[in-house]
Amino acid sequence: MELTELESSLREQAIRTSLMAGKPKLYYFNGRGRMESVRWLLAAAGIEFVEEFLETREQYEKLLQDGALLFQQVPMVEIDGMKMVQTRAILGYIAAKHNLYGKNLKERALIDMYVEGTRDLMDLIRVHHKFSSEEQEKNLALINERATARYFPVYEKVLKDHGTEFLVGNQLTWADVQLIEAILMVEEKVSTILSKFPLLQDFKTRMCNIPTIKKFLQPGSQRKPPPDESYVVTANRVFNRK
Amino acid sequence: MSGKPKLTYFNGRGRMESIRWLLAAAGVEFEEDFLETREQYLKLIQDGHLLFDQVPLVEIDGMKMVQTKAILSYIAGKHNLYGKGLKERAFIDTYVEGTTDLMQMILTLPFSPPEAKKKNLPLIIEKAKNRYFPAYEKALKQHGQGFLVGNQLSWADVHLLEAILMVEEKESTVLSEFPLLQGFKTRISNMATIKKFLQPGSQRKPQPDDKYVATVMKILKEG
């Protein structure tokens, strides 16, 4: 059967649309923020996703009016027929669905503890750009202190005591993905942060070479850069902040 | 008495209260070790009991668990309070994140300076009435069962009841526009294990007072 050009292109569009219908859709600003960990986890799991970037207040108000945001907040991810909000809930669902949440209750418990730790560390950096330059100096010192005295020693010890390539069990989990995300994020602020953590250095190399993660780390991926002025301006405008 | 979870925290609500609620709702007896001095806290750190140098700490099933969310998830998973299947878990996770955000605002209030306290309390009540309670009222309406998720008690229900009572302590009429939440509150409060926890003499802690705030600040050496 021969198709006309129009039929061909309509058919292509239909296929693309139905393929996209299966892909998770992320609603957020065009920047890292709270959504970045979701991008990391989907990418590590090899899941393609699409993104809708919030640029205007009108877009946000439409989402509110349509009842798409349970608590009036983003991130929001459309996935498997649900409009999921609350970053941690979204990450937990993706992890469980894609075999990144360990094999039993106790492995889950370890993963949960580890991701809460890296979450706390990344939260210090997530808000960094909102501070005045004087406050940023203090925050940077705090980030450095917390990374080197509280968090990285823990993960270094876990790798040492656990004795496999991963934090939990013997395969990649959400805990590993969030840790590599945190390491790279801190390194952007303090490039020598891993100098006293040889096992974390090896971990970083190994993780960055995992094909899905390697791909995510290449230019042109959906990974977002650190926040700049325009990101702050956009967020303030969308949320009507003074 | 081994076998019972052991909770290490200050003698007050803080971040441990949700854990007390969940264990109580699950009918699980637990013991408590109260932090009263900085020396106790430093010793816990020196002995390597606190993964991230922080409490809450719950010793349970041979693990020294930290991080409130991790502890709650484990208890919920173990005691059949985490729904049936991935999607129910997803709903429960989403709902508890909302009630956590709401309760967190109240939890941190006593530790803020007096002008901030005065300013923030009305904002919290406003958020409860305009953001959170409407979401849960709607969830109950759409779901059409007595519970937020599935057809039995889950972590989400326990957490919501805790949040409702906590906000009501600040403003007693906060549920006036939410008939389903009123019904929910009555029903869940009357469940045997929860009813017991709500009675005087239980391990439920009272609202924080100045003495509690001073103790916490002294132990953590903040401010």
Side-chain angles (χ1 to χ4, degrees), chain A residues 34 64 67-73 75-77 79-99 101-102 104-121 145-147 149-155 157-158 161 167-168 174-175, chain B residues 15 45 48 50-54 56-58 60-80 82-83 85-102 126-128 130-139 142 148-149 155-156:
Chain A
R34 292 175 191 278
L64 286 177
L69 305 181
L70 182 64
F71 301 119
Q72 305 161 338
Q73 298 164 318
M76 191 268 277
V77 175
I79 184 168
D80 298 338
M82 299 181 287
K83 287 179 168 43
M84 284 199 76
V85 296
Q86 292 291 351
T87 315
R88 212 197 167 282
I90 296 165
L91 291 167
Y93 180 76
I94 295 166
K97 187 182 175 195
H98 297 290
N99 195 24
Y101 219 152
N104 54 45
L105 257 192
K106 283 204 169 175
E107 285 196 356
R108 284 191 73 115
L110 289 174
I111 291 166
D112 280 341
M113 283 193 279
Y114 298 154
V115 300
E116 290 295 300
T118 41
R119 169 64 31 210
D120 285 349
L121 178 56
E145 193 265 336
R146 283 280 146 76
R150 178 175 286 186
Y151 295 107
F152 288 166
V154 169
Y155 299 107
K157 180 169 194 279
V158 169
D161 293 346
L167 285 172
V168 179
W174 172 20
Chain B
R15 294 177 189 279
I45 294 178
L50 304 180
L51 188 65
F52 301 118
D53 298 342
Q54 298 164 315
L57 164 68
V58 173
I60 183 169
D61 298 340
M63 299 182 286
K64 288 184 166 43
M65 287 200 73
V66 296
Q67 293 290 350
T68 313
K69 205 39 76 61
I71 296 165
L72 288 166
S73 294
Y74 181 75
I75 295 165
K78 187 182 175 192
H79 296 287
N80 197 24
Y82 221 155
L86 261 191
K87 283 204 171 174
E88 286 196 358
R89 283 190 74 114
F91 275 101
I92 291 167
D93 278 344
T94 306
Y95 292 147
V96 300
E97 288 296 300
T99 38
T100 298
D101 284 350
L102 178 56
E126 191 265 334
K127 283 252 151 70
N130 292 334
R131 172 174 290 185
Y132 294 103
F133 290 163
Y136 295 103
E137 181 83 3
K138 185 175 177 202
Q142 285 181 339
L148 280 172
V149 179
W155 172 17

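Protein chains get the first letters and strands the later ones, always in sequence-line order, with residue 1 at the start of each.
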B/Met65 versus chain A, the contacting section by heavy-atom distance below 4.5 Å: both

Heavy-atom closest pair, residues B/Glu97 and A/Ala89: CG-N, 4.5 Å

Which atom of A/Val154 lies closest to which atom of B/Leu51, heavy atoms considered: CG2-O, 3.0 Å

Proximal component of A/Asp120, with respect to chain B [non-hydrogen, under 4.5 Å]: side chain

Check: B/Tyr82 ring centre within less than 6.0 Å of B/Tyr74 ring centre: no

Parallel, tilted or perpendicular, as decided by the 30° and 60° cut-offs, for the rings of A/Tyr155 and A/Tyr114: perpendicular

Region of B/Asn130 that comes under 4.5 Å of a non-hydrogen atom in chain A: backbone

B/Arg131 portion near chain A, given a 4.5 angstrom heavy-atom threshold: both

Heavy-atom pairs under 4.5 Å with chain A, option from B/Gly62, B/Gly98, B/Gly77 with the top count: B/Gly98

A/Lys97 portion near chain B, given a 4.5 angstrom heavy-atom threshold: both

Closest heavy-atom pair and its distance - B/Ala156, B/Val96: CA-CG1, 3.8 Å

B/Lys127 versus chain A, the contacting section by heavy-atom distance below 4.5 Å: neither

Face-on cation placement of A/Arg150 at B/Phe52 ring, 6.0 Å and 45° thresholds: no

Greatest number of heavy atom pairs closer than 4.5 Å to chain B - which of A/Gly92, A/Pro153, A/Gly67, A/Ala96: A/Ala96

Nearest-0.5 Å distance that lies between atom CG in B/Leu86 and atom CG in A/Asp80: 9.0 Å

Per-residue contact mode, B/Phe133 against chain A (heavy atom under 4.5 angstrom): neither

